[in-house]
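Counting from 1, the numbers follow the sequence of the chain as shown.
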Amino acid sequence: MLTVQDKVSSPVRLEAYDAPLHIGAVSLRVRDLPRLTAFYRDAIGLTLISEEPGLSVLGVDGVPLVRLEGGASAPVSAAGLFHLAILLPSRRDLANWLAHAARTQVPLEGASNHLVSEALYLSDPEGNGIEIYRDRSRPEWPRLDGGAIKMSTDRLDLDLLLRESDGAAYPGMPTGTGMGHVHLRVGDTAQAEGFYRDGLGFDVMVHYPGASFLATGGYHHHIAVNVWGSRGAGLRADSDAGLASFELVAADDPAFAAMRTRMIAAGGRDQGGTVTVADPWNNRLILRR
């Protein structure tokens, strides 16, 4: 489990990291690398960790969360990224980001109370979806009869959230920020469950109409898939703009070994210790410790 200190020195844990596997850096293929780099730095509040021709790496406290790869030569396909989801340590941190967005006129596309979390939604200048959210603690997550997690998409009171902000100039995303989950557009949810559940061993946590939410370690979701605008979509090309890859980060050596075995059995490869696999729509996963 990852434990961090937030701005008011209260111990905060990232629920998404209390699991055998969690999501690491998300890599995007982009058309305008300087513009996207500036957006993720200035609008989102990530720190530019490194920059070289064709690549920008951004994150928090030296930990990469978003990698931007220049040179996309094809449009975004039907399948691919629905959104990447940046997880903040506390509700105050979410309020501070919302205040920053209001001051700098970063346009939001939605805001939801999911019962297990509170989330803000927007897109980057090339249409890649972004969720910025905070989790409630696991004891607060509502349960259905039988123990399954209950999630919803209720209205989030932004005025009430803003009252918790510090009211200070935004210094960027705080220590302890992580990549909470990725949400993918796929051609078929049953086929996606066959890959991520039956092949890679993720648990199905929640079903929505046209969507499935999967996780390890009892989290509400590390990976979500939907067909809301992509039903029947086929294989993505390597040159398509949008998602290039995302990382699965193992908590320990046994978790790494178990997932390595599953990924190779699902058609993946181990090249010099880098284990990769692609799902049925050519969304690429990279395993690391």
> ring pair (Phe, Tyr, Trp, His ring centres under 6.0 Å) with H181: which residues, sequence neighbours excluded?
Replying inline: H83, Y133, H221
>> Is it the case that atom CZ in R231 sees more than 12 heavy atoms from other parts of the structure closer than 6.0 Å?
In response: no
> If you draw a 6.0 Å radius around CZ in R35, do more than 12 non-hydrogen atoms from other residues or ligands fall strictly inside?
Replying inline: no
> Within the side chain of T177, is there an N or O that forms a donor-acceptor pair under 3.5 Å with the backbone of M173?
Replying inline: no
> So, the side chain of W141 versus the backbone of K150: is there a donor-acceptor pair under 3.5 Å, distance only?
Replying inline: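 No, W141 side chain to K150 backbone: no donor-acceptor pair under 3.5 Å.
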> At what distance, to the nearest 0.5 angstrom, does CG of N96 lie from CG of L88?
Replying inline: 9.5 Å
> Between atom CD1 of I149 and atom CG of L144, what is the distance when rounded to the nearest 0.5 Å?
Replying inline: 9.5 Å
>> Please enumerate all residues that pass side chain to side chain donor-acceptor pair (under 3.5 Å) together with E164, with sequence neighbours excluded.
In response: R91
>> One thing to verify: whether R134 and D93 come together as a salt bridge, which I'm taking to mean a side-chain N less than 4.0 angstrom from a carboxylate O.
In response: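 Not counted as a salt bridge, because no side-chain N and carboxylate O are separated by less than 4.0 Å.
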> Do R136 and E118 meet the salt-bridge criterion of a basic N to acidic O distance under 4.0 Å?
Replying inline: yes
>> Working note: R29 + E69, criterion salt bridge (charged side-chain N to carboxylate O under 4.0 Å, His left out); need CA distance, chi angles, decisive distance, verdict.
In response: CA-CA 5 Å; R29 280 188 295 267; E69 304 173 4; 5.0 Å; no
> Could you walk me through whether T47 and D61 pass the side chain to side chain contact (heavy atoms under 4.5 Å, CB included) check?
Replying inline: CA-CA 8 Å; T47 299; D61 288 342; over 6 Å; no
With a cut-off of 3.5 Å and sequence neighbours excluded, list every side-chain donor-acceptor pair involving residues 183-201.
{"from": "H183", "atom 1": "NE2", "to": "N226", "atom 2": "ND2", "distance (Å)": "2.9"}
{"from": "R185", "atom 1": "NE", "to": "L81", "atom 2": "O", "distance (Å)": "3.1"}
{"from": "R185", "atom 1": "NH1", "to": "S77", "atom 2": "O", "distance (Å)": "3.1"}
{"from": "R185", "atom 1": "NH1", "to": "A78", "atom 2": "O", "distance (Å)": "2.0"}
{"from": "R185", "atom 1": "NH2", "to": "L81", "atom 2": "O", "distance (Å)": "3.2"}
{"from": "D188", "atom 1": "OD2", "to": "A190", "atom 2": "N", "distance (Å)": "3.1"}
{"from": "D188", "atom 1": "OD2", "to": "Q191", "atom 2": "N", "distance (Å)": "2.7"}
{"from": "E193", "atom 1": "OE1", "to": "R197", "atom 2": "NH1", "distance (Å)": "3.0"}
{"from": "E193", "atom 1": "OE2", "to": "H207", "atom 2": "NE2", "distance (Å)": "2.6"}
{"from": "E193", "atom 1": "OE2", "to": "S212", "atom 2": "OG", "distance (Å)": "2.6"}
{"from": "Y196", "atom 1": "OH", "to": "D279", "atom 2": "OD2", "distance (Å)": "2.7"}

>> Hydrophobic clustering (ILVMFWY, side-chain heavy atoms < 4.5 Å, transitive) - are L48 and I44 grouped together?
In response: yes
> What are the two closest non-hydrogen atoms of G180 and A16, and how far apart are they?
Replying inline: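 Nearest heavy atoms, G180 then A16: O-CB, 3.8 Å.
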> Have D154 and H114 got a donor and an acceptor in their side chains that come within less than 3.5 Å?
Replying inline: no
> Can a donor-acceptor pair be found between the side chains of S137 and E140 at a distance below 3.5 Å?
Replying inline: yes
> Should R289 and V249 be marked as a side chain to side chain contact (heavy atoms under 4.5 Å, CB included) after you check the CA-CA gap, both sets of side-chain angles, and the distance that decides it?
Replying inline: CA-CA 5 Å; R289 173 73 171 86; V249 181; over 6 Å; no
> Would L58 and R67 count as a side chain to side chain contact (heavy atoms under 4.5 Å, CB included) if you check the C-alpha gap in whole Å, the side-chain angles of each, and the deciding distance to 0.1 Å?
Replying inline: CA-CA 6 Å; L58 301 101; R67 290 188 173 96; over 6 Å; no
>> Before you tell me yes or no, could you show the steps for N113 and R155 under side chain to side chain donor-acceptor pair (under 3.5 Å), namely the whole-Å CA-CA distance, both residues' side-chain angles and the distance that decides it to 0.1 Å?
In response: CA-CA 6 Å; N113 173 8; R155 176 181 171 272; over 6 Å; no
> Can V26 and L28 be said to form a side chain to side chain contact (heavy atoms under 4.5 Å, CB included), step by step?
Replying inline: CA-CA 7 Å; V26 175; L28 303 175; 4.1 Å; yes
>> Checking D18 against Y219 for the side chain to side chain donor-acceptor pair (under 3.5 Å) test, could you report, in this order, the C-alpha distance in whole Å, the side-chain angles of both residues, the deciding distance, and whether it holds?
In response: CA-CA 8 Å; D18 187 12; Y219 189 55; over 6 Å; no
